[in-house]
Asker: 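Mind looking over this structure? Questions follow.
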Amino acid sequence: MAEDAWNGREPLRVSQVSSLETRWRNRSESVQGRDAVVAFLRRKWAKELDYQLIKELLT
């Protein structure tokens, strides 16, 4: 579900899996709270047009 939400590029949906006071770090940027996560993802995806999240279990 996380992979589908991320690759669907729906910032609000992605943020909903985190707590209200979530803290995210990406490279040199840190954000706190769902609203900040939504804003961060909108900025990120405006620049990184071909980025996809791929989750796999390694056995």
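Residue numbers count from 1 along this sequence.
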Asker: Restricting to pairs with a member in residues 16-25, which pass salt bridge (Lys or Arg N to Asp or Glu O under 4.0 Å), not counting sequence neighbours?
Answerer: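 Pairs touching residues 16-25 that pass the test: none.
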
Asker: Connecting only ILVMFWY residues whose side-chain heavy atoms lie within less than 4.5 Å of each other, what is the rest of V38's hydrophobic cluster?
Answerer: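 Traced through the cluster, V38 reaches L12.
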
Asker: So which atom in V14 and which in V17 form the shortest heavy-atom distance, rounded to 0.1 Å?
Answerer: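 Smallest heavy-atom distance, with atoms named: O-CG2, 3.1 Å.
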
Asker: Which residues satisfy the side chain to side chain contact (heavy atoms under 4.5 Å, CB included) test with E10, sequence neighbours excluded?
Answerer: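 E10 satisfies side chain to side chain contact (heavy atoms under 4.5 Å, CB included) with R13 once adjacent residues are dropped.
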
Asker: Taking only distance into account, with no hydrogens and no angle test, what donor-acceptor pairs under 3.5 Å do side-chain atoms of residues 28-36 form with protein atoms, sequence neighbours excluded?
Answerer:
{"residue": "E29", "atom": "OE2", "partner": "R43", "partner atom": "NH2", "Å": "2.2"}
{"residue": "R34", "atom": "NE", "partner": "S18", "partner atom": "O", "Å": "2.8"}
{"residue": "R34", "atom": "NH2", "partner": "S18", "partner atom": "O", "Å": "2.8"}

Asker: Verify, without hydrogens or angle tests, whether R9 (side chain) and L49 (backbone) share a donor-acceptor contact under 3.5 angstrom.
Answerer: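 Yes, R9 side chain to L49 backbone: donor-acceptor pair under 3.5 Å.
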
Asker: What pairs meet the ring pair (Phe, Tyr, Trp, His ring centres under 6.0 Å) rule with one or both residues in residues 26-49, with sequence neighbours excluded?
Answerer: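 Listed once each, the pairs are W6-W45.
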
Asker: How far does CD of Q16 sit from OG1 of T22, to the nearest 0.5 angstrom?
Answerer: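 One finds 11.5 Å between CD of Q16 and OG1 of T22.
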
Asker: The criterion is side chain to side chain contact (heavy atoms under 4.5 Å, CB included); which residues satisfy it with E48, sequence neighbours excluded?
Answerer: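 For E48 the side chain to side chain contact (heavy atoms under 4.5 Å, CB included) partners, ignoring immediate neighbours, are R27, K44, Y51.
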
Asker: Taking ring pair (Phe, Tyr, Trp, His ring centres under 6.0 Å) as the definition, give me every residue that meets it alongside W24, ordered by chain and number, with sequence neighbours left out.
Answerer: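 Checked W24 against ring pair (Phe, Tyr, Trp, His ring centres under 6.0 Å); zero matches.
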
